[in-house]
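Notes to accompany the following structure.
Basis for what follows: all heavy atoms, side chains included, without hydrogens, waters or symmetry-related copies.
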Amino acid sequence: MISSDTLLYAWLDIRLYTWLDVEEVLLRIQEKSDLPNWLVSVQAYWDSLRVEIRPGTQAEAKSWLKNVYDTRFRIDEEDNRVDGIIILESLPDKQQILPVIFEETNEDYRVPRLTPSLARPGIIVPNRQDYSSELPPSFDKDFPPIVAFHSFKGGVGRTTNTIAFAQSLIDANYRVLLVDGDLEAPGISWLLEQRLPSPPVSFADLIALVHGDPDPKATDSIQLVADRVQNALIDNIYFLPAFRSTKRFTSLEIKPEHLIQGAKNPYILTQILADLGKALKVDVVLVDLRAGLSELSTGLILDPRVYRVFVTTLSGQSIAGTKQLLELVREKAPSQRDTDPLPTIIISQVPDELKESELLKDENEILDNLIIDTSEPPSDRNIQNTEENILDSSISFLEQVLRHLKLTTQFSDRLLVLPRTWEEVNTRLHRSGIVNDLRPLLNALPIQQSQTQVSQEHITSSEDNTPTLKTQREKLRDITKKLIYAETAEGDDFLTTIPLRHLASDHRNQVPITVVIGAKGSGKTYTFLQIIRQETWQRFVEKALGYPIQTDALICPVLSSKNLESGAVKLVENMQATTARSLGFTSPISIQRIRDNIESQLNILNLESEWREYWLDVIAWGVGFQPEQQGAGRALTEHLLKIQKRLLVVIDGLEDQFQEFADHPTQQIALRALLQGVPEWLGQQPGRPLGILIFVRRDIVLSAVRQNAAQMMARYEPYALKWNKEEALRLVAWVTMRSGISLDTVIEKLHEMKEDDLTQILVPLWGKKLGVDTSKEAASARFVIAALSDYRGQIQSRDLMRLLYLSAEASVDNHDDRWLNRILIPKGIRGALPECSKEKITEIEQENTALKTVFTKLRDLFEEERKIPFTRQQLRLEVEEMKILEENGVVIREKDDYYMPEIFRLGLGFSLTAAGRPSVMSLARRAAKQGS
């Protein structure tokens with residue numbers, strides 16, 4: 001007979017409104033292991049309660065239910081189709097009932113499947129089964145550990161701690177698969193939207209693929225995702241975002257719980273992540289889960305093999321919720337084997353003033369709130385600690401957790417709102433100290449230190465061959481003169497800038513289909529020449545990243561700038577012919593003939609679809625496939641698949657081909673078809689045998705793509721040729737070292753160096769200051785960057801090369817003993833700025849017609865009117881004209897006054913007023929402050 005204590009427990013705070021409440025009563029009795037022996041199983045439905053019993057025990061069953069539900073259980077004398085009824089909460093005269101049906105059986109007791117789920121069990125049975133036999137097998141050593149970050153509440157820093165721990169791992173030379181498992185509010189996916197605007201595959205894709213795979217192990221699906229995610233490697237982290245587009249996160253058709261319910265292996269979610277990590281050869285799989293008690297997360301937090309990290313703050317609600325999470329783990333998925341890790345607690349956002357005082361003083365009280373005082377552990381479960389000393393079984397599971405590993409991460413208001421770029425997030429996390437706070441967690445993982453990379457030796461030259469100062473200045477002058485305009489073909493070395501590293505890293509496993517956008521003077525043609533010089537995509541990627549890859553593709557230029565010098569023209573022709581021969585073709589159409597053909601089609605083709613087909617044919621003809629034949633472009637992809645070859649075509653010089661793009665509708669249609677239609681078509685081809693790289697100016701994109709231009713540019717933003725302060729200094733250091741000037745590093749290390757390090761190694765080039773080291777002059781590196789930057793922080797590589805050339809030219813014959821410790825003299829640097837500014841304005845006017853109109857108006861002002869600071873009224877400019885100047889970084893506003901950077905001021909003939917003359921550096925700081 002059921003005890004009165006159990007009856008009281010079962011009825012505590014329950015009102016029988018629905019069948020769910022009836023079931024809840026029985027579930028509570030089951031938890032107390034007080035179900036009778038004659039009971040085989042109970043299944044509750046919305047229309048009945050079905051009770052399986054042993055033959056001849058119906059009277060005993062009715063008596064038992066009478067004892068459980070008291071007066072609510074009755075025998076319905078009028079309805080012989082049921083064996084009893086349970087009266088539910090009802091309105092007067094409208095009685096609601098749940099019928100009870102007994103079914104006698106001699107079958108064995110049913111054993112429900114153990115699943116990592118919060119869902120109510122479909123069947124209630126006596127607690128006779130041993131769930132430990134159903135636990136998933138431990139992973140072999142060749143599988144990476146799965147680390148899942150979770151929190152009861154949102155906003156406690158879970159995602160921030162996840163990313164910070166990823167940084168701790170890569171700082172220690174581990175390779176990571178980072179999965180955004182928050183399928184309702186995908187924080188990591190939003191963060192990566194700018195760096196990885198078009199992810200090749202997502203977590204939602206993985207779930208859907210495995211769900212529909214007839215193979216229980218989903219081997220092919222996992223291999224497909226592993227193949228695609230190869231192109232989402234950033235800083236030794238493979239990223240698997242929640243969705244391929246953040247606009248789709250509201251439509252998740254196949255959810256993790258669907259995968260768990262339909263799979264033979266209920267722990268399949270952990271298994272496929274481990275399999276994916278193994279296929280990618282990563283050291284750790286790191287997952288950021290959805291906050292709260294959600295089925296989106298339970299597949300991992302209820303798997304005892306997973307390294308579960310629970311993040312909480314010191315707030316009462318967060319602490320109470322974390323306690324509830326730990327209770328859930330203790331009940332459904334405790335660590336029972338030596339190989340099962342205990343959970344980790346991270347107390348996040350702890351203010352510095354509390355870390356050494358109140359936190360330590362009140363720590364016992366905080367821990368007491370987390371620990372559940374359980375005098376007896378869960379029945380039939382021998383809970384063990386993973387530390388050397390096995391705790392006594394009378395100690396609660398949660399107490400073991402808290403003694404195992406508890407970390408605190410400090411609070412920083414800079415982490416409340418993370419930047420939009422991945423690189424800035426990394427910098428901010430390291431500066432906050434949170435990355436260091438999480439390093440102890442590395443010791444809890446069963447991972448071995450990756451092989452130490454072979455250090456690169458410094459390249460030194462014999463003292464006898466040390467060049468003279470004049471020789472170094474001459475060499476720097478000669479090299480930078482050639483680099484001002486990149487239309488030469490000299491040199492096969494190139495600086496791996498951040499955009500080029502992004503381009504290489506994101507396309508390690510497939511040929512790129514990408515538009516590379518850059519302003520005039522940003523290095524488009526130079527990059528075009530350096531890429532085709534590598535002959536194959538594999539060689540370019542390996543040179544850019546420094547390690548080998550498997551994917552390869554032949555490179556072929558099909559359109560280039562008209563302004564190339566003879567050596568560069570020869571390079572393009574040779575590469576076109578070489579690639580054609582490698583593909584078995586003999587007669588590629590020359591680039592000049594392609595230009596002529598395009599020109600002739602401007603009077604014939606009027607539709608975007610027609611131009612797309614024509615561009616595809618041009619690509620085929622340019623590599624020698626079916627010259628002059630229509631439909632050659634479509635046939636080329638099929639031919640490449642047949643011969644199992646991959647091809648990357650490269651296009652440059654669109655501004656030469658379409659000189660009237662701003663006003664000519666047909667030219668805009670042709671450009672739009674190339675920039676949008678061709679990439680979209682190529683991206684849909686099975687096997688992706690044909691890729692394309694299109695180098696184009698930003699103003700051409702804006703003119704040709706009238707709708708969704710911003711969306712298109714955002715998609716290709718990681719590969720845009722832009723130069724920030726750090727990249728500009730890196731370029732200066734690279735050119736300096738190519739000139740034979742020794743700096744305190746090697747070229748291969750430049751991409752790892754930050755702004756402060758680059759500034760320090762450039763001291764031999766231009767000194768610490770634009771004067772002697774003890775002077776009050778501006779710091780050389782900061783001055784150069786500020787003087788050449790607009791008020792959006794943008795700087796062009798051509799401006800840098802021009803300044804270095806002019807400065808070196810002025811320094812060659814210098815005989816001032818004060819500057820024997822540097823290559824460039826201060827007078828040469830300052831004297832180079834006016835010509836740099838004039839050339840800059842000339843080039844911008846060729847590209848930006850709106851700015852050209854305003855610049856012409858400014859030049860027509862009287863000399864006495866061209867003073868800085870100025871007001872809009874003083875310059876007689878319209879509001880829209882001033883807006884154009886601001887949007888292009890030509891002016892910055894402070895109250896009613898406007899200022900202009902040196903790179904525009906000098907060329908436009910503006911002078912500074914005597915009153916409050918702001919320095920180059922102070923103006924740069926004002927611009928940076930307004931832009932932050």
Side-chain angles (χ1 to χ4, degrees), residues 195 234-235 421-424 426-427 430 456 458-459 476 479-480 482-484 486 491-505 516 518-519 521-524 526-527 530-531 540-541 543-546 717-768 779-790 792-805 807-808 822-824 829 836 903 924 928:
R195 172 60 188 89
I234 305 172
D235 298 334
T421 67
W422 180 252
E423 291 78 12
E424 290 175 339
N426 291 348
T427 299
H430 280 91
Q456 297 173 334
H458 286 262
I459 301 174
L476 180 62
I479 286 182
T480 52
K482 295 175 181 178
L483 289 174
I484 294 175
D492 60 354
D493 195 13
F494 64 93
L495 173 65
T496 308
T497 60
I498 288 177
L500 290 185
R501 290 183 65 82
H502 289 172
L503 181 65
S505 177
V516 179
S522 60
K524 296 188 303 300
Y526 177 82
T527 306
Q530 292 303 331
I531 287 179
F540 168 76
V541 173
K543 199 164 187 178
L545 301 180
E717 178 67 23
Y719 322 122
L721 298 180
K722 292 183 178 180
W723 301 83
N724 57 26
K725 290 188 296 183
E726 190 172 285
E727 282 292 279
L729 291 175
R730 189 172 289 116
L731 174 61
V732 172
W734 179 77
V735 172
T736 302
M737 297 173 71
R738 279 195 61 196
S739 303
I741 299 169
S742 177
L743 300 179
D744 189 21
T745 188
V746 292
I747 285 182
E748 290 77 5
K749 291 289 185 181
L750 287 180
H751 75 274
E752 302 174 1
M753 303 181 76
K754 301 301 181 183
E755 182 180 344
D756 292 343
D757 300 323
L758 292 165
T759 299
Q760 183 61 38
I761 68 167
L762 284 173
V763 170
L765 173 67
W766 48 34
K768 292 182 179 180
S780 300
R782 292 182 181 178
F783 176 86
V784 169
I785 298 302
L788 296 182
S789 298
D790 62 28
R792 294 178 304 161
Q794 297 298 312
I795 187 171
Q796 300 303 337
S797 58
R798 182 173 295 169
D799 297 329
L800 274 170
M801 295 302 101
R802 184 176 286 121
L803 179 131
L804 291 177
Y805 161 68
S807 302
R822 63 187 70 182
I823 306 299
L824 303 179
I829 294 175
C836 287
I903 194 63

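With S797 contributing its side chain and L731 its backbone, the two residues share no donor-acceptor pair below 3.5 Å. E755 places no side-chain N or O within 3.5 Å of a backbone atom of E726 that could act as its donor or acceptor partner. Remark: the backbone N or O of A519 is paired with a side-chain donor or acceptor of S522 at under 3.5 angstrom. Between the side chain of R822 and the main chain of P764, no donor-acceptor pair closer than 3.5 Å is present. Remark: side-chain polar atoms of W734 are not paired, donor with acceptor, to backbone N or O of I747 under 3.5 angstrom.
Look at D790 and R792 and you find a salt bridge, because one of the NZ, NE, NH1 or NH2 atoms lies within 4.0 Å of a carboxylate O, short of that distance. Under a 4.0 Å N-O distance rule, the pair K722/E717 qualifies as a salt bridge. Salt bridge status for R802 with D799: present, with a side-chain N to carboxylate O gap under 4.0 Å.
Note that CD1 of I795 is 4.0 Å distant from CD1 of I785, once rounded to the nearest 0.5 Å. In this structure, CD in E752 is found 8.5 Å from OG1 in T745, a value given to the nearest 0.5 Å. Note that NE2 of H430 and NZ of K754 are 8.5 Å apart. Values are rounded to the nearest 0.5 Å. The structure places CG of D757 at 12.0 Å from NZ of K749, a figure rounded to the nearest 0.5 Å. Note that the CD1 atom of I823 and the CG atom of L762 stand 11.5 Å from one another [nearest 0.5 Å]. Taking OG1 of T736 as the reference point, atom CG of L824 lies at 7.5 Å (rounded to 0.5 Å).
In this structure, the side chains of L765 and L476 come closer than 4.5 Å at one or more pairs of heavy atoms. Residues S505 and L545 form a side-chain contact, since some pair of their non-hydrogen atoms from C-beta on lies under 4.5 Å apart. Considering only heavy atoms from C-beta on, V784 comes within 4.5 Å of W766 through its side chain. Side-chain contact between Y719 and L500 is absent, with no heavy atoms from C-beta onward closer than 4.5 Å. Residues L495 and V735 form no side-chain contact, since every pair of their non-hydrogen atoms from C-beta on lies 4.5 Å or further apart. Annotation: side chain of I498 is in contact with side chain of E727 (closest heavy-atom distance under 4.5 Å). With contacts defined as side-chain heavy-atom distances shorter than 4.5 Å, the pair K524/V516 does not qualify. Looking at T497 and W723, their side chains come closer than 4.5 Å, going by heavy atoms from C-beta outward.
Scanning both residues, I479 and R738, for their nearest heavy atoms gives CD1-O, 3.5 Å. R501 approaches T496 most closely through the heavy-atom pair CG-CG2, 3.0 Å. What you find for P718 and R195 is that their closest heavy atoms are CG-O, 3.0 Å. Residues T759 and A781 come closest through the heavy atom pair CG2-CB, 3.8 Å. Taking each heavy atom of G767 and S780 in turn, the nearest pair found is O-OG, 3.3 Å. Taking all atoms of both residues into account, the shortest heavy-atom contact from T527 to G523 is OG1-O, 2.7 Å.
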Could you walk me through whether M737 and L750 pass the side chain to side chain contact (heavy atoms under 4.5 Å, CB included) check?
CA-CA 11 Å; M737 297 173 71; L750 287 180; 4.2 Å; yes
